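Notes follow the structure.
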Amino acid sequence: EETDATGLHVFPGFMDVHIHSRDPGATHKEDFYHSTWAAAAGGLTTVFEMPNTNPPVNHVENFHKQVENLQPKAHVDFALWAICLGHLNINEIQSLHEAGAVAFKFFWGYAVHKKTYQLMYNYKPEMEDVIPPFQDGEVYDMFQEVAKTGKPFAIHAENNELIQHLTQKVEESGRRDYGALLQGRPNLAEATTIQTGISFAKDAGTRLHVLHVSTEEGVELIRQAQQEGYPITSETCPHFLYLSNKDFEKIGPHMKVYPPVKYEKDQNGLWKGIADGVVSVACSDHAPHTEEEKDGDLWSIPAGMCGVETLAPLMIHAVSEGRITPYELGKLLSSQPARLFGIYPQKGSLQIGTDADLTLVDFKRQKTIHKHELHSKSKVTPYDGFQLQGAPVATIVRGTTMMKDGAVTEEPAGRVVKP
Ligand code: DOR
Ligand code: ZN
Ligand code: ZN
């Protein structure tokens, strides 16, 4: 089928390196059919699936099972993250690497059950002490083990012990607003974890990747390490670029996410990090929960929201706002993630031919986000009603048009991608 690109911008296929499709484990929230359908609708040709499924991608057998599970449902190409669970799977890291895991994720500061499984469900206190957060020694072992693979060791950077300590009094007082949540000093909690991560990575020779950076402090620590010549990278998400604590009044608990959305000064720090190249990847952290699960008290509802379909539209909008150039857009959503995760030029390069991954963008198109038009199972988004300038108008995966003018094919055709 031919697509006339007159008046449009042609990009190498956009990708989202950070999505949680809940498949298997919590497919009442989302599944891979829907998340990748949403991805195609939002102009993406490749996604990277996070490993905190149930069961998780924690050893090579589960890796292969997950490829088999996901491939028939995939509307776009996909790679798989593997999870690091300290002593529970440190001996599995090399075989996960060889099997084709794209990178390794560690939820720093969280009890294993709390973070890998419990976050996806609703809060269940009886699961809390199953496996406590790992101590520094065990974390350092993981830095060393992943260093041997040469692949990125990616950290969810939150010093949860600090947050819980600082919010204890607030919790006791019964305050449950967004300001109370910020009493946990999440900026400091991110900075202290990134700082330790950088120290460990320098010593162990690990390629550290900082997931969903949400603070100016984080950007500045990463900048400094990069200036010293260390191979440290980072990503951020539209919710940290477009939202701040001030939006809670209007949006409410649906914007609860970990790490939490911070302050305006952090938005500015992150845009600056993008402009300077300190933050080289934009991704969504698509983490759906059902509307029922998200409706309720800020402190007891699960964290996470949809984002895969709105990632490219919001970053395209940033071009129209003059925050980034079209060239930088292509780097943030395509060439830089592909290089960082070792799949360039297989992905992330502008290919000519009948098997190309392409995203076509119309910078003149105006589009309003309507939550009920989203293709995910869950429609929980903080962007309902956002008016955007510019939109992806076609998604072409290895030559097959998966989306054209907003209409998405219902035939999965995605394939697994390995570095
Ligand atoms: O808000 C979040 N939700 N942050 C995470 O790190 C995990 C994610 C999830 O899986 O729900
Ligand atoms: Zn995370
Ligand atoms: Zn995540």
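Computed from a predicted structure; not experimentally measured. When a ligand or atom number is given, it counts from 1 through the structure's own listing order.
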Discussion item. Between Trp108 and Phe153, is the ring centroid distance below 6.0 Å?
Written reply: no
Worksheet entry | side-chain hydrogen bond (donor to acceptor under 3.5 Å, both in side chains), paired with Thr215, selected from Glu190, Lys262, Lys265 | Glu190
Worksheet entry | Result of checking Phe32, Tyr33, Trp37 against Pro412 for side chain to side chain contact (heavy atoms under 4.5 Å, CB included) | Tyr33
Discussion item. Any N/O/S atom, side chain or main chain, of His212 closer to the Zn ion (ligand 2) than 2.8 Å?
Written reply: yes
Item to complete: Within a distance under 4.0 Å of any heavy atom of Ala287, pick out the atoms of ligand 1 and give their elements.
Response: 3 (N), 8 (C), 9 (C), 11 (O)
Worksheet, complete the sentence: Atoms of ligand 1 under 4.0 Å from any heavy atom of Phe107, numbered from 1 in the order shown, are 6 (O)
Item to complete: Could you name the option among His289, Met50, Arg22 that has the heavy atom nearest to atom 9 (C) of ligand 1?
Response: Arg22
Worksheet item: What are the atoms of ligand 1, with element, lying closer than 4.0 Å to any heavy atom of Asn52?
Response: 10 (O)
Discussion item. Using a 4.0 Å cut-off to any heavy atom of Val257, which atoms of ligand 1 qualify?
Written reply: 1 (O)
Item to complete: Determine, using ring centers only, whether His156 and Tyr258 are less than 6.0 Å apart.
Response: no
Practice prompt. Provide the atom name of the closest N, O or S atom of Asp285 relative to the Zn ion (ligand 3).
Written response: OD1
Worksheet item: Within the stated cut-off of 2.8 Å, is an N/O/S atom of His156 closer than that to the Zn ion (ligand 3)?
Response: no
Worksheet item: Taking the six-membered ring for Trp, are the ring centroids of Trp271 and Phe240 within less than 6.0 Å of each other?
Response: no
Fill in: Mutual orientation of the aromatic rings belonging to His20 and Phe107 [parallel < 30°, tilted 30-60°, perpendicular > 60°]
tilted
Worksheet item: Just which atoms of ligand 1 are under 4.0 Å from any heavy atom in His156?
Response: 5 (C), 6 (O)
